[in-house]
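Numbers restart at 1 for each chain; the letters A, B, ... are given by sequence-line order, proteins then strands.
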Amino acid sequence: MTDNNIAFTQTKDHLDTFAPRLLDWFAINGRHDLPWQQHLTDTPNPYIVWLSEVMLQQTQVTTVLPYFARFMDSFPTVQDLATAEWNTVAEHWAGLGYYARARNLHKGAKQLVAVINETGDFPQTLAGWEAIAGVGPSTAGAIMAMGLHRYGVICDGNVKRVLTRWAAIEGDITKSATTKELWALAERLTPIENSGLFAQAMMDMGATLCTRRKPACPLCPLQNDCLAHAQNREEDYPVKAKKQPKPSKFSNALLIQNVDGEILWLQRPDSGIWGGLWSLPLEFIEKVSDNVKGKTTTKQTDILDEKPLEVASNEKVYEAEFTTAEQIINAWLNKNNLVATPINKTLLDDAPIKHSLTHFHWYLTPQSLILNNEQSQALTEALQAAEININWLNAADAQATLGLPRAMVKILE
DNA sequence: ATCCGGATAT
DNA sequence: ATATCCGGAT
């Protein structure tokens, strides 16, 4: 990542004294009791660092803590994780979000066990770690530095916030040119010795002092030469392009029950939303604007009636709303003239569950349908014929044994 | 209601 | 180079 063409905005003296100032601060004021920290041991555990770093991607320390404890309890070694069933891993991860991380973690555990069986140890190089699923440049650097006590550089969100402020870097951090500049600066500042301590100190600084809002500058070991602080513009950094407004999508969540009160669950495809986790069957609803009174209404649409090529731009989005399993269920319900109905225990229950994702809001309306024995058997067979993973479980058992995303838990509640 | 975030698929 | 993925914090 070194780029000798990048000119730093800070003086050589400031660059050279950055690490010692930060390390002195960390030694006295940093957190040293996080369960995955390995800097106080002579024999760091790379499995612990790898697992925690993957969990800490996009997720805060306080959220990760209980998940990490449960993973370490159930999967104390990488071999335990590698040999676990995916459904067990999914159930442990459920609620933590970004489920591709869990799939990569499980895949990565198997890759790591293969490396260990071949070489006798965890990967020992940056490239070796980047070859593991779910491990990118920053996570690999963190593992090298903190999990192996070798040399490694990190440049995650905390580091980017600290560095854009300290060096007054005005570039949009979502652009690759700015990413390159920040990596070069991080590398320039990271001491060859103690890169692991430096990485922990940077993350701690970003998380506890150099926070996005109201940073604690009076406590900061870098405030004397922080260029953003000198301008009183700390909160102007990091610079990031504005996000686009999110569109809304609407679905029914089908609570299809058999005569025993068990609910039909589908395992979602590995890619896409909630990949590999279990969900109620969803039924897309087209939202149509009613210009007459300026209000909007929702209208049930029948997937089988759609003509694929007629409205090209809409059609692709529309098709993508359904998994194969959901298309089978939708077609089966149509064929048998079955319609799910609102639950409506009270008027207040009418409101759909709102679930916000990166690029759209999703409104999920629970709909109930009870099948007799013959019907539930027929539907089960139709899905099994297509090799769909299904489960009939009541709400409590589903929560306890399946990996359910947060939106499903909300619906059950 | 808006913002935050690392790896990967495309 | 850009879009995608989740739940929590503010």
Side-chain angles (χ1 to χ4, degrees), chain A residues 1 50-67 90 93-108 111 126 129-143 153-164 171-180 182-183 186 199 202-203 206-208 210-215 235-249 268-277 279 316-317 320-321 353-364 403-410:
Chain A
M1 282 291 177
W50 168 66
L51 173 62
S52 63
E53 282 299 319
V54 172
M55 288 184 158
L56 288 163
Q57 292 166 359
Q58 284 77 35
T59 311
Q60 296 203 333
V61 166
T62 53
T63 306
V64 165
L65 282 169
Y67 285 86
W93 194 278
L96 198 51
Y98 283 105
Y99 298 100
R101 291 184 296 167
R103 296 195 302 279
N104 285 331
L105 191 75
H106 195 212
K107 182 180 176 185
Q111 293 174 312
L126 193 70
W129 278 100
E130 285 196 64
I132 303 302
V135 177
S138 193
T139 302
I143 297 167
V153 179
I154 64 165
C155 193
D156 68 356
N158 284 321
V159 174
K160 286 174 181 170
R161 190 168 55 252
V162 172
L163 294 187
T164 53
D172 181 340
I173 61 163
T174 67
K175 299 297 179 188
S176 54
T178 312
T179 299
K180 200 172 169 183
L182 286 165
W183 269 99
M202 283 296 275
M203 294 190 292
T208 65
C210 200
T211 48
R212 188 170 68 86
R213 300 256 297 268
K214 300 184 197 297
E235 293 191 15
D236 290 348
Y237 302 90
V239 174
K240 197 183 294 189
K242 281 181 190 169
K243 304 212 162 158
Q244 294 180 357
K246 296 179 187 180
S248 295
K249 299 185 182 184
R268 298 188 60 85
D270 278 351
S271 61
I273 288 174
W274 304 331
L277 271 74
S279 164
K316 278 187 179 173
V317 174
E321 298 296 330
I353 308 284
K354 184 180 176 185
H355 188 69
S356 292
L357 290 88
T358 321
H359 49 300
F360 60 89
H361 299 290
W362 208 359
Y363 294 87
L364 296 164
L404 295 185
R406 191 65 92 207
M408 290 300 124
V409 176
K410 278 192 230 167

- Message: Just to verify, what does A:N104 make a side chain to side chain donor-acceptor pair (under 3.5 Å) with, not counting sequence neighbours?
- Response: none

- Task: Using a 4.0 Å heavy-atom cut-off across all strands, classify A:R161 as base, sugar-phosphate, or nothing.
- Result: sugar-phosphate

- Query: For A:R103, what residues pass the side chain to side chain contact (heavy atoms under 4.5 Å, CB included) criterion, not counting sequence neighbours?
  - Reply: A:W86, A:Y99, A:A100, A:D270

- Where each residue is assigned the nucleotide of DNA chain C containing its nearest heavy atom, which of A:L404 and A:T174 is assigned the position nearer the 5′ end? A:T174

- Query: For A:T63, which residues count as a side chain to side chain donor-acceptor pair (under 3.5 Å) partner, sequence neighbours excluded?
  - Reply: none

Short heteroatom pairs, N/O only, protein and nucleotides 6-10 of chain B, under 3.5 Å:
residue	atom	partner	partner atom	Å
B:dG6	OP1	A:G157	N	3.0
B:dG6	OP2	A:G157	N	2.9
B:dG6	O4'	A:Q58	NE2	2.7
B:dG6	N9	A:Q58	NE2	2.6
B:dG6	N7	A:Q58	NE2	3.3
B:dG6	N3	A:Q58	NE2	2.9
B:dA7	OP1	A:G136	N	2.9
B:dA7	OP1	A:G136	O	3.4
B:dA7	OP1	A:T139	N	3.0
B:dA7	OP1	A:T139	OG1	2.6
B:dA7	O5'	A:G136	N	3.4
B:dT8	OP1	A:G134	N	2.4

- Message: Going by the rule side chain to side chain contact (heavy atoms under 4.5 Å, CB included), which residues pair with A:S138 if we only count those two or more places apart in sequence or in a different chain?
- Response: A:I154, A:D156, A:W183

- Message: According to side chain to side chain donor-acceptor pair (under 3.5 Å), who are the partners of A:Q57, at least two apart in sequence or on a separate chain?
- Response: A:T139

- Over how many whole Å does the gap from A:M55 atom CE to C:dG7 atom P extend? 14 Å

- Task: Write down the distance between CG (A:D172) and C1' (C:dT2), rounded to a whole number of angstrom.
- Result: 12 Å

- Locate the shortest heavy-atom distance separating A:V162 from A:M202; write the atom from each residue and the value. CG1-CE, 4.0 Å

- Item | Qualifying residues under side chain to side chain contact (heavy atoms under 4.5 Å, CB included), relative to A:V409, sequence neighbours excluded | A:Q399, A:L404, A:E413

- Nearest whole angstrom, please: distance from the C1' of C:dC6 to the CG of A:L96. 9 Å

Taking only N/O atoms, report every protein-nucleotides 8-10 of chain C pair under 3.5 Å with atom names and distance.
residue	atom	partner	partner atom	Å
C:dG8	OP1	A:R406	NH2	2.6

- Query: In chain order, what residues pass the side chain to side chain contact (heavy atoms under 4.5 Å, CB included) check against A:T174, with sequence neighbours excluded?
  - Reply: A:D172, A:K240

